[in-house]
Trainee: 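To start, I am sharing the structure in question, which I have written as structure tokens.
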There are 2 protein chains.
Amino acid sequence: MIVGNARPNGHFTPCEQCPLRALPCLREFTASELEFVKQFKIDELHVDAGASFLHEGARAEHLYTVLSGWAFRYKMLDDGRRQILNFALPADMVGLQGTVMNEMEHSVEALTPLTLCVFPRAKLYELYSQFPTLAFDITWLAAREEQLIDEHLVSLGRRTAMERTAFLLLHLFVRAQELGMVKDGVCQLPFTQQHLADALGLSLVHTNKTLKRLLATKAVSWKGRGLEVRDRAALAAIAGSDVSLHKPRPFI
Amino acid sequence: MIVGNARPNGHFTPCEQCPLRALPCLREFTASELEFVKQFKIDELHVDAGASFLHEGARAEHLYTVLSGWAFRYKMLDDGRRQILNFALPADMVGLQGTVMNEMEHSVEALTPLTLCVFPRAKLYELYSQFPTLAFDITWLAAREEQLIDEHLVSLGRRTAMERTAFLLLHLFVRAQELGMVKDGVCQLPFTQQHLADALGLSLVHTNKTLKRLLATKAVSWKGRGLEVRDRAALAAIAGSDVSLHKPRPFI
DNA sequence: CGGCTAATTGACTTTCTTCAATCAGTGTGG
DNA sequence: CCACACTGATTGAAGAAAGTCAATTAGCCG
């Protein structure tokens, strides 16, 4: 297991200049909410690609949101089998379980250099008691994440290898698109086929062969690290259903 | 799809007499919390076994907690494939997604005659603004459910048929035990092998064969509807890991 | 005793995994 | 600039796991 580096920052971008606030998929803060969040954020954390910064079994003292970069939540079995639960992109919250429960039941690893906003668990009660709208946002984020996992569960349980591969690629593309991370129709996916396999619940070899068949349809291309959805309708047809988007309701 | 009957009640058990409050796995309410919850609960709903009372795609006007009985959350694909996401037992909350987001992304069906406490979405903001501790409880419940689904996802993605079957039976048994639903070491599981198959992401035939092999180990028995864990350590060994319990932190 | 649902079983096919190479791209040191 | 090492992608072959089809059996209920 790579542990790698996680560096606190000390001085960091203040919330009123947060680049994520401009995203259309996030709601506006009121002045007092912004004021609170500004002092709620106590640090910014930089994590190297490949490093895990939250570990199954560990107590979590902080809550995080992704400011930039990609990460993934995963669980390992004793014999080394790994299941990727989902991917975290900018504006996603990470570590809520460890904050609300007493212990993390999964780990989180950075796929790219990652910047996180750090919020102390100790001030969470203050948030809940003084900013019910923010508390509701946290609940919203938890419910949204559950929806994503539900959909993923359907993939692993009931979709064929081809369907679930198409669905996951489409899902990731659409999420990246929402965040403005698609340039010229291409989204940079910062992971290997092994990551894909561990997310899809398939072996690496079978993932490779399935992917090859999928790319042969021309509905989607994945060259180098660049993912391009060339024919969304066709890709959705292969996946069996299109991915659904959520109405905006943000935290940061 | 069976739609069945859902009958509002009108007069119902008041919260101070709620039979669930005695459970050791739930925390105590303060007097004012109890007072609020009492008027937050506007009705009690009785649902017949086999009836779905929340539907994918529908707007949800209410939030529910299970007072008695079993239910399950599920999603269907267009061609009829069904994936059971998880099971809801007494003290579980149901319909949060539909309340927090605008639309349900899954359906819920009763496995037994089901009694639900009904809470109006309209008063949720009042709860969040006046009872932060209750708001936190809701977040806790959402995080806990996510943990359960995470574990289920690992089963479908990375555990063998035998492992995941053992794990699910153990999981259900332990949850039932927490709720005092195990009598003389036996828990009544109100579902068929088809339900089990849809939860495990396996075909009915393969589920049957796997189950038979599992029962042959004598670690667990399932006769009629009665599930008995005869050797928890052995069952956990077959599952690959034991199920973890959560520290108490309740809502109702 | 029929009629119905759920559980079982055997035979066969398909999907997926595992094993074992091989190939491709990248970066390093000489 | 090239040999070498290393990681990630690709392939083929063989075997295991899981699905499908088609009966049959077991229980239950009126």
Side-chain angles (χ1 to χ4, degrees), chain A residues 1-2 4 48-50 77 79-84 109 111-112 154-169 188-216 220-227 238 240, chain B residues 2 4 48-50 77 79-84 109 111-112 155-169 188-216 220-227 238 240:
Chain A
M1 177 178 60
I2 304 171
D48 292 339
L77 296 181
D79 61 1
R81 283 175 284 181
R82 177 175 75 171
Q83 178 62 48
I84 291 181
E109 180 176 318
L111 275 168
T112 64
V154 173
S155 276
L156 299 206
R158 289 298 179 218
R159 283 195 246 256
T160 65
M162 188 68 152
E163 289 170 338
R164 71 178 89 162
T165 304
F167 191 85
L168 181 58
L169 291 185
Q188 295 302 314
L189 290 191
F191 48 71
T192 66
Q193 291 187 9
Q194 183 66 65
H195 289 114
L196 203 53
D198 286 344
L200 293 171
L202 299 171
S203 70
L204 174 59
V205 173
H206 196 58
T207 299
N208 177 279
K209 288 171 181 171
T210 304
L211 194 54
K212 206 175 168 220
R213 274 195 299 143
L214 177 60
L215 298 181
V220 61
S221 82
W222 190 18
K223 287 181 201 131
R225 295 276 107 113
L227 176 75
I238 295 168
Chain B
I2 304 171
D48 293 338
L77 297 181
D79 60 3
R81 283 174 286 181
R82 177 174 75 170
Q83 178 63 46
I84 292 182
E109 180 176 320
L111 275 169
T112 64
S155 276
L156 300 204
R158 287 299 178 217
R159 283 195 246 257
T160 65
M162 188 67 152
E163 289 170 338
R164 71 177 91 163
T165 305
F167 192 86
L168 181 58
L169 291 184
Q188 294 303 313
L189 290 191
F191 49 71
T192 66
Q193 292 187 9
Q194 182 67 64
H195 289 113
L196 204 53
D198 286 346
L200 293 171
L202 299 171
S203 70
L204 175 58
V205 173
H206 196 59
T207 299
N208 178 281
K209 288 172 181 171
T210 304
L211 193 54
K212 212 182 162 212
R213 274 193 300 142
L214 177 59
L215 298 181
V220 61
S221 83
W222 190 16
K223 286 180 202 134
R225 295 275 109 115
L227 175 75
I238 295 167

Trainee: Hey, are the side chains of B/Leu202 and B/Arg164 touching, using non-hydrogen atoms and a 4.5 Å cut-off?
Mentor: yes
Trainee: Please report, rounded to the nearest Å, how far the P atom of D/dG8 is from the CG atom of A/Asp198.
Mentor: 12 Å
Trainee: When every nucleotide of nucleotides 16-30 of chain D is labelled 5' to 3' by its protein contacts under 4.0 Å (heavy atoms), B for base, S for sugar-phosphate only, - for none, what sequence of letters results?
Mentor: --BSBB---------
Trainee: Between A/Gln194 and D/dA9, is there a contact of a side-chain N or O with OP1 or OP2 at under 4.0 Å?
Mentor: no
Trainee: Just verifying a value: how many Å separate B/Leu196 CG and B/Thr210 OG1, rounded to the nearest 0.5 Å?
Mentor: 9.5 Å
Trainee: Applying side chain to side chain contact (heavy atoms under 4.5 Å, CB included), can you list everything that pairs with B/Leu204, at least two apart in sequence or on another chain?
Mentor: B/Gln193, B/Gln194
Trainee: Rounded to the nearest angstrom, tell me the gap between atom CZ in A/Phe191 and atom P in D/dG8.
Mentor: 14 Å
Trainee: Tell me the bend of the helix from C/dC1-D/dG30 to C/dG30-D/dC1 as the angle between end helix axes, each from five pairs, rounded to the nearest 10 degrees.
Mentor: 30°
Trainee: For A/Arg225, what residues pass the side chain to side chain contact (heavy atoms under 4.5 Å, CB included) criterion, not counting sequence neighbours?
Mentor: A/Gln188, A/Thr192
Trainee: Kindly write out the residues that satisfy side-chain hydrogen bond (donor to acceptor under 3.5 Å, both in side chains) with B/Arg213, not counting sequence neighbours, or none if the list is empty.
Mentor: none
Trainee: From B/Leu200 CG over to B/Gln83 CD, what is the distance, rounded to the nearest 0.5 angstrom?
Mentor: 8.5 Å
Trainee: So where does chain A start and stop touching DNA chain C, 5' to 3', when the test is distance under 4.0 Å to a non-hydrogen atom?
Mentor: C/dC16 to C/dC19
Trainee: With sequence neighbours excluded, tell me which residues meet side-chain hydrogen bond (donor to acceptor under 3.5 Å, both in side chains) with B/Arg159.
Mentor: B/Glu151, B/Ser155, B/Ser241
